[in-house]
Amino acid sequence: MKFTKILVANRGEIAVRILRSAREMGIRTVAVYSDVDRDAPHVRQADEAVHIGNAPSSESYLVIDKIIRSALETGAQAIHPGYGFLSENPAFARAVKAAGLVLIGPTAEAMEMMGSKLAAKAAAKQYGIPLVPGTDEAISDVNEARQIAEQVGFPILIKASAGGGGKGMRIVEQVSQFDEMLERAVSEARSAFGDGSVFIERYVGSPRHIEIQVLADNHGNVVYLFERECSVQRRHQKVVEEAPSAVLTPEKREAMGLCAVQVARACDYRGAGTVEFLLDENLDFYFLEMNTRLQVEHPVTEMITGVDLVREQIRIAEGEPISFKQEDLRINGHAIEVRVYAEDPANNFLPDIGTLRRYVRPQGPGVRVDDGYEEGMDIPIYYDPMISKLIVWADNRDAAMDRMIRAIDEYLIVGCETTLGFCRFVMNHEAFRSGRFDTHFVKFYFQPEFLRPELEPEEEKALAVLAHALQAGSGGSIAAEKVEPPASSLSPWKLNRS
Ligand code: MV4
């Protein structure tokens, strides 16, 4: 069924992103909005908009009935949930279907299977996909579990089956702690997720997080759109994403891609999904989990493949086949995304919301900004404090990093602290530039002092030397060969502080 009107059940940059593809496809659009989003760009850019309640998402963007009623009342045939909110909620998927509407996303069954890390691992195992050694069923017996942990070797990781994205994980360093940690993990999982199922994995100490984008249609076609490297993260919040990864060989890329396709087949997947892998020190990869939504970082994949992922999602939901074949895809150039948050990196990344008194986006060759704000707008306290995603494309990785620094320096945001200066720090860092980094990058290399613009160059150097000395004794996994002070060029970040 070709859609003539769709509803976008989200806000901010991702709502705007979805509206753009719909508009290009000649599909009319319906936005929904809460009290505080009355004047938001996603409301103005849609053909119609429906007010769905108070600012808290529990009273607006998360209320299934209100979303479905809005779609029915406006005559939309389908709903795009974006990411977050209801995007991975099986009850929502079922309610959409029961209302005679189409969800632009996977089935409730696929969401449920991948929502259970144990079910996901079991499905992957059937296809011979590499898994981190450990238990593949929920732990029911402490003694049995302890034995397995000893076979696997400490340190091990206890994970909650209903967790994911780092929630409900616990490192156990030695067997003497095992029983107590297990007990705590189970009771924590029970209270946090209503499901006390936990399992054990060998703890991979210096992993890279690499994920594969897949698309699957209703005609049996499943393709992979290469990888995104997402290792630069802070407390499970991704900060920088890039495609392709600096470390994958074509052979490894293909092997991971084929595994990702198998995972998608294992849950009869439909639409756009992401299969997450850990890559260890030997570049051996292990399936972790599958995210059953369009991801924040999807633009880097779009930039290197030329594929409009939202357009493909909509076409797939209409029942059309994917518009290209696996062999049509090539990696073209290199793309990097940084997430610009209204947070203060000098103050433990505390949210620093406010009014965007000045807001000037970077422009020029190879620069894309996906945002949901304009100058003069308030950043609401009710939602994620992400202001925008800054994405650059260039011929190769070095040029992309240089372009990102240029774009960051061109970006002017006044009215709140932002993570832009922090992102520049990453772009200038030797470990990032060389591609030799893992998920510990931020914890290992970042010191808030690096961003204090009032420091003299000598002070910055002294701090860098001190940081280096401290790291040398910290037992980290990557040797700090050089700790770079941040670029001290004229920058909006500095201007913002003056
Ligand atoms: C791991 C791991 C080490 N060993 N599993 C965190 C998020 C969730 N998707 C899985 N995660 C991890 N699983 C084993 N067996 C380390 C992490 C991990 C991590 C993974 C990806 C990106 C960032 C991370 C940060 C800390 C820990």
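Remember, it's 1-based here, ligands and their atoms both numbered in the order they're listed. Bear in mind that the values here come from a model prediction, so they are computed numbers and not experimental data. Keep in mind that the numbers below use all heavy atoms, side chains included, and drop hydrogens, waters and symmetry copies.
Under the salt bridge (charged side-chain N to carboxylate O under 4.0 Å, His left out) test applied with E302, the options R20, R368, K389 reduce to a single match, R368.
Around the CD atom of E137, the shell of radius 6.0 Å holds no more than 12 heavy atoms that belong to other residues, nucleotides or ligands.
For Q326, the side chain to side chain contact (heavy atoms under 4.5 Å, CB included) test picks out V223, Y224, L329, with sequence neighbours left out. Partners of D195 under the side chain to side chain contact (heavy atoms under 4.5 Å, CB included) rule, at least two apart in sequence or in another chain, are A162, S197.
Sorted by first and then second residue, the salt bridge (Lys or Arg N to Asp or Glu O under 4.0 Å) pairs with a member in residues 232-242 read E211-K238, K238-E297, E241-R339, E242-R397; sequence neighbours excluded.
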Checklist line | Residue pair Y411, S388: steps toward the side chain to side chain donor-acceptor pair (under 3.5 Å) verdict | finding: CA-CA 11 Å; Y411 212 151; S388 75; 2.6 Å; yes
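For ligand 1, residues of the protein lying within 4.0 angstrom by heavy-atom distance are V132, L157, K159, G165, G166, M169, E201, R202, Y203, V204, H209, Q233, H236, E276, L278, L288, E289, T439.
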